[in-house]
Amino acid sequence: MNYQGIIFDLDGVLCSTDEYHYQAWKGLADSLGLAFDRQKNNRLRGVSRMASLDIVLEDYPEPLAEAEKLALAEQKNESYKRLLTRMSPADLPEAVKSTLLALRARGLKLAIGSSSKNTPFILRQLGLDGFFDAVSDGNHISRSKPDPEVFLKAAQMLGLKPVDCLVVEDAVAGAEAGHRGGMDVACVGDAAQAKAGEYNLASVSGLLEIV
Ligand code: B16
Ligand code: MG
């Protein structure tokens, strides 16, 4: 076997919370009179909440105080969390669920490596609370992807060397984080289209062919 552990990004890999992020940021941008489209939204993938806000505010005519920025980030997060309450285990795609179970049956350790501070809530909504061997998320890190911190912490929590872990990502910034951490990366979605990984897959089930 090539790897002993697999570290999954959450948004855009295991579930489609990226659509909820889009809707919440779009609502904030509209209220500020700023342009925001899906192309801009793609730049927010894997990026922390405050760094995302800076991208959303790029065309804002005047500099904002830190307290004002925190209030805007909080406003976005509140509408994002309202959207997350709609999620249920039915939002975990069947192919993702069966792939996770098959990987576990092969003896691999499975972890989450997500920039999101909402990770514990999302895992509960999806019925995945307690499923993973380790959860490393936005609440444990001080530097966001493309910094490798979140993945290095996940490997450490699994008790594995980075080189024995495979990262699964949908964001180019996330693939870069995996590489900077010394890990191979399997990409899906946007990052796969950009050929950012050692493996660029059509879907998460493609993992079963490479481990
Ligand atoms: P939150 P991932 C990332 O999650 C998202 O891709 C990114 O769009 C978001 O800004 C970031 O989490 C922070 O999320 O506001 O919930 O803390 O892709 O690393 O699982
Ligand atoms: Mg992602």
Side-chain angles (χ1 to χ4, degrees), residues 6-29 36-58 69-85 87 91-93 96 110-126 128 132 134-154 167-178 180-181 183 185-194 196-197 200-201 203-204:
I6 307 201
I7 306 173
F8 291 91
D9 171 61
L10 183 59
D11 296 329
V13 170
L14 299 184
C15 60
S16 296
T17 38
D18 44 344
E19 178 59 28
Y20 295 148
H21 276 298
Y22 169 72
Q23 288 179 25
W25 283 122
K26 174 81 179 137
L28 182 74
F36 187 78
D37 57 17
R38 288 183 186 272
Q39 208 177 341
K40 199 158 207 178
N41 187 59
N42 281 346
R43 290 171 57 202
L44 313 184
R45 286 178 195 277
V47 174
S48 75
R49 194 180 305 166
M50 294 310 288
S52 298
L53 178 67
D54 283 336
I55 295 173
V56 172
L57 292 177
E58 263 171 1
K69 291 214 268 183
L70 284 171
L72 291 176
E74 186 55 29
Q75 191 183 322
K76 179 266 172 181
N77 195 48
E78 285 307 313
S79 46
Y80 176 60
K81 284 199 300 191
R82 269 195 300 279
L83 293 168
L84 288 180
T85 59
M87 287 183 91
D91 290 296
L92 183 68
V96 170
L110 307 179
I112 293 288
S114 167
S115 301
S116 175
K117 293 187 171 173
N118 292 300
T119 295
F121 182 61
I122 296 167
L123 291 177
R124 272 201 302 280
Q125 294 295 95
L126 292 175
L128 285 175
F132 289 92
V135 176
S136 170
D137 65 40
N139 300 295
H140 304 108
I141 55 170
S142 52
R143 296 177 304 279
S144 185
K145 299 170 188 174
D147 190 283
E149 186 181 7
V150 76
F151 293 135
L152 290 174
K153 198 146 276 184
V167 162
V168 189
E169 261 292 348
D170 71 309
V172 174
E176 186 185 336
R180 281 168 61 180
M183 304 171 201
V185 180
C187 291
V188 295
D190 263 33
Q193 274 179 24
N200 296 291
L201 309 174
S203 75
V204 168

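Worth saying up front: this structure is predicted, and the values here are computed from it rather than measured. Starting from 1, each residue takes its place in the sequence as its number. Just follow the structure's listing: the first ligand is 1, and inside any ligand the first atom is 1.
For Ser48 (side chain) and Ala51 (main-chain N/O), a donor-acceptor pair under 3.5 Å exists by modelled atom type. The backbone N or O of Leu84 sits less than 3.5 Å from a side-chain atom of Gln125, completing a donor-acceptor pair. With hydrogens and angles ignored, the 3.5 Å screen pairs no side-chain donor or acceptor of Asp190 with any backbone N or O of Asp170. A side-chain donor-acceptor contact under 3.5 Å links Ser136 to the backbone of Val150. Judged purely by atom type and a 3.5 angstrom limit, Lys145 has no side-chain atom pairing as donor or acceptor with the backbone of Glu176. The main-chain N or O of Ser142 is found under 3.5 Å from a side-chain atom of Glu149 such that the two form a donor-acceptor pair.
Considering both main-chain and side-chain atoms, Trp25 never comes within under 3.5 Å of ligand 1 through any nitrogen or oxygen pair. Annotation: Glu169 places no N or O atom under 3.5 Å from an N or O atom of ligand 1; distance criterion only. Below 3.5 Å of separation, one finds no N or O of Asn77 facing any N or O of ligand 1. Not a single N or O atom of Asp170, backbone or side chain, sits closer than 3.5 Å to an N or O atom of ligand 1.
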Would Asn42 and Arg45 count as a side-chain hydrogen bond (donor to acceptor under 3.5 Å, both in side chains) here? Give the steps. CA-CA 6 Å; Asn42 281 346; Arg45 286 178 195 277; 3.1 Å; yes
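Scanning the protein for heavy atoms near atom 17 (O) of ligand 1, the closest one is Lys117 N, 2.7 Å. Summary of contacts: the protein heavy atom closest to atom 6 (O) of ligand 1 is Gly46 N, 2.7 Å. At the top of the distance list for atom 20 (O) of ligand 1, counting protein heavy atoms only, stands Ser114 OG, 2.6 Å. In terms of protein heavy-atom proximity, atom 15 (O) of ligand 1 is nearest to Arg49 NE, 2.8 Å. If you check which protein heavy atom lies closest to atom 4 (O) of ligand 1, you get Asp11 OD2, 2.8 Å.
When heavy-atom distances to ligand 1 are checked against a 4.0 Å cut-off, Arg45 comes that close only through its backbone atoms N, CA, C and O. Of the heavy atoms in Val47, only backbone atoms (N, CA, C, O) come closer than 4.0 Å to ligand 1.
Using a 4.5 Å cut-off on side-chain heavy atoms (C-beta onward), Tyr22 and Phe36 make contact. Taking the side chain as every heavy atom from C-beta outward, Tyr20 and Met87 approach each other to under 4.5 Å. Val56 is listed as a side-chain neighbour of Leu44, based on a closest heavy-atom distance under 4.5 Å.
Using a 4.0 Å cut-off to heavy atoms of Tyr80, the atoms of ligand 1 that qualify are 16 (O). Less than 4.0 angstrom separates some heavy atom of Leu10 from each of these atoms of ligand 1: 20 (O). Of all atoms in ligand 1, listed by their number and element, those nearer than 4.0 Å to a heavy atom of Leu44 are 7 (C), 8 (O). Listed by number with element, the atoms of ligand 1 under 4.0 Å from a non-hydrogen atom of Asn118 are 1 (P), 16 (O). The contact set between ligand 1 and Asp9, taken as ligand atoms under 4.0 Å from a residue heavy atom, comprises 2 (P), 18 (O), 19 (O), 20 (O). Close approach to Lys145 involves these atoms of ligand 1, each under 4.0 Å from a residue heavy atom: 2 (P), 19 (O).
Coordination check, Asp170 versus the Mg ion (ligand 2): passed, since an N/O/S atom of the residue sits under 2.8 Å.
Between Lys117 atom NZ and Lys81 atom NZ the span is 11.5 Å, to the nearest 0.5 Å.
Rounding to the nearest 10°, we obtain 80° for the angle at the Mg ion (ligand 2) between Asp11 O and Asp9 OD2.
Counting all heavy atoms, side chain and backbone alike, Ser52 lies closest to Trp25 at CB-CZ2, 3.5 Å.
By the 4.0 Å heavy-atom criterion, Ser52 is counted among the residues contacting ligand 1.
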